[in-house]
Protein chains: 2
Amino acid sequence: MSQTEGAEKPGTRAEMREETERLILDAAERVFADSGFGGATMQAIAEACALPKANLHYYFSSKEKLYRQVVERIFTVWLEAADSFETSASPEVALRRYITRKMQLSREYRHGSKVWANEVMHGAPIIQDYLEITLRDWTESRVAVIRRWVDAGDIQPVDPRWLLYMIWATTQHYADFAHQIETLNNGPMSDAQWQEATGTVCAIILRGIGLDAGDAVAET
Amino acid sequence: MSQTEGAEKPGTRAEMREETERLILDAAERVFADSGFGGATMQAIAEACALPKANLHYYFSSKEKLYRQVVERIFTVWLEAADSFETSASPEVALRRYITRKMQLSREYRHGSKVWANEVMHGAPIIQDYLEITLRDWTESRVAVIRRWVDAGDIQPVDPRWLLYMIWATTQHYADFAHQIETLNNGPMSDAQWQEATGTVCAIILRGIGLDAGDAVAET
DNA sequence: AAAAACCTTGACTGGTTGGTCAGGTCTGTT
DNA sequence: AACAGACCTGACCAACCAGTCAAGGTTTTT
């Protein structure tokens with residue numbers, strides 16, 4: 001996300017504000033992921049970004065507002081990432097790319113995924129509107145694509161929704177249950193393990209819907 | 001779980017105690033699932049089971065003790081349910097049974113699954129010992145079974161762990177993300193939908209590891 | 001029937017939390 | 001240099017929380 005950030009020059013007023021807001025959001029994301037909305041305290045977030053608590057309230061009027069921004073930010077990343085889904089021609093390539101990208105995101109945005117999972121698990125009290133509008137639209141368009149594949153006989157007949165849920169579940173599991181996986185793994189997953197897991201997920205799902213999984217596990 | 005419970009007769013002292021404890025545990029499970037550990041309040045749990053707050057502290061000395069019991073109870077159900085895994089001869093039957101059972105549990109113990117997910121997602125601060133001992137042992141024994149299948153050429157070569165994670169993720173998703181699914185579904189899943197989803201999950205995973213998924217989707 | 005053990009509960013408390021605010025500092029402009 | 005507006009923060013507060021407790025009720029035992 002951040003590309004050039006070695007020695008932070010002062011920058012303009014607006015730039016500094018943005019930077020501070022991002023600093024707070026990053027800290028908040030970590031704390032919310034670790035403790036949930038109710039368990040997280042503004043004090044903890046303040047300490048996580050080495051700012052006085054009152055300062056957070058200067059940038060974000062309330063805990064709930066701050067939380068909402070964190071969730072919104074993640075949601076945006078999710079959606080953008082998932083765009084690679086539609087740009088591909090064949091089901092094989094589209095699905096393989098989508099799954100691979102989602103596995104990447106699980107690794108890179110572990111905290112974000114957790115916050116999202118938390119929010120949805122608790123009934124999406126804060127971002128229900130996102131579920132009902134943005135996510136619904138997005139889902140419907142992907143469902144239509146998959147349905148076309150089914151109708152054309154490209155893949156085995158499945159209700160597209162069960163397939164999508166399966167992809168979401170499997171990939172996000174590696175972020176949301178990272179702690180469990182790491183406990184069973186005696187430590188964080190290595191690069192090779194990530195690659196192997198990604199390959200296995202791709203292979204099982206592709207083969208599972210009647211596509212040739214091939215041996216191209218290492219392909220990106 | 002409870003088989004004879006129409007008109008509750010007074011029962012013995014111990015029976016009544018047990019019943020009250022279960023009442024509290026059920027309420028706590030719901031509230032913890034809805035709000036997380038930090039977000040849940042003893043007052044809310046008390047209201048959910050129509051008991052004065054002080055009463056909860058008579059049966060469970062602290063909020064954390066109560067929470068631990070809730071998590072332990074779910075964990076036990078998980079493990080017992082998963083026993084059907086080893087008692088079957090062929091991979092097809094074993095996996096189909098296991099997945100089907102796990103889908104059932106996602107439907108019946110939605111709250112429990114959420115509490116477990118929450119706990120693990122936050123780094124298992126309270127039940128880390130369970131992860132490190134009980135779950136690890138259980139997992140290793142199942143991994144051994146799957147590895148034998150692979151070695152015998154019964155299924156495609158996969159690291160058993162990625163397969164297990166995939167099954168856990170996919171099935172538990174229907175409990176943990178029930179709210180999201182129901183939003184996209186415009187309401188709770190029907191019996192037929194549950195059956196279809198279960199069939200699809202079975203089919204994709206079985207076919208995905210090189211087994212004949214057959215048309216036996218409706219079989220139990 | 002009386003004693004003992006167990007259960008129930010309203011009222012209370014010490015500590016913590018989200019949020020406020022007045023007064024201060026820094027930065028750019030005139 | 002003087003002014004304005006954005007930024008920062010220590011100290012504070014009302015609300016709320018987990019947990020306590022003493023007093024009263026109920027059941028079982030003696």
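Letters A, B, ... are given to chains in the order of the sequence lines, protein chains preceding strands, and every chain is numbered from 1.
Of the residues in residues 115-128 of chain A, none has a non-hydrogen atom less than 4.0 angstrom from any atom of DNA chain C.
Look at CG on L23(A): it is 15 Å from P on dC7(D), rounded to the nearest Å. As a whole-Å value, the separation of E21(A) CD from dC8(D) P is 11 Å.
Two rings, from F75(B) and W78(B), have their centers 6.0 Å or more apart.
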Name the atoms and distances for all side-chain donor-acceptor pairs under 3.5 Å in residues 36-58 of chain B, with sequence neighbours left out.
residue: T41(B); atom: OG1; partner: A44(B); partner atom: N; Å: 3.0
residue: Q43(B); atom: NE2; partner: E47(B); partner atom: OE2; Å: 3.2

Contact pattern, 5' to 3', of nucleotides 7-20 of chain C - B, S or - by protein heavy atom under 4.0 Å: BBBB------SBBB
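Using a 4.0 Å cut-off between charged side-chain N and carboxylate O, R136(B) and E182(A) make no salt bridge. Using a 4.0 Å cut-off between a side-chain N of Lys or Arg and a carboxylate O of Asp or Glu, D129(A) and R68(A) qualify as a salt bridge. A salt bridge links R73(B) with D26(B): the closest approach of a Lys/Arg side-chain nitrogen to an acidic carboxylate oxygen falls below 4.0 angstrom.
Ring-plane geometry between W138(A) and Y98(A) is classed as tilted, the angle between the planes lying from 30 to 60 degrees on a 0 to 90 degree scale.
A side-chain donor from one of Q104(A) and R101(A) sits under 3.5 Å from a side-chain acceptor of the other.
The number of heavy-atom neighbours closer than 6.0 Å to CD of E64(B), taken from other residues, nucleotides and ligands shown, is 12 or below.
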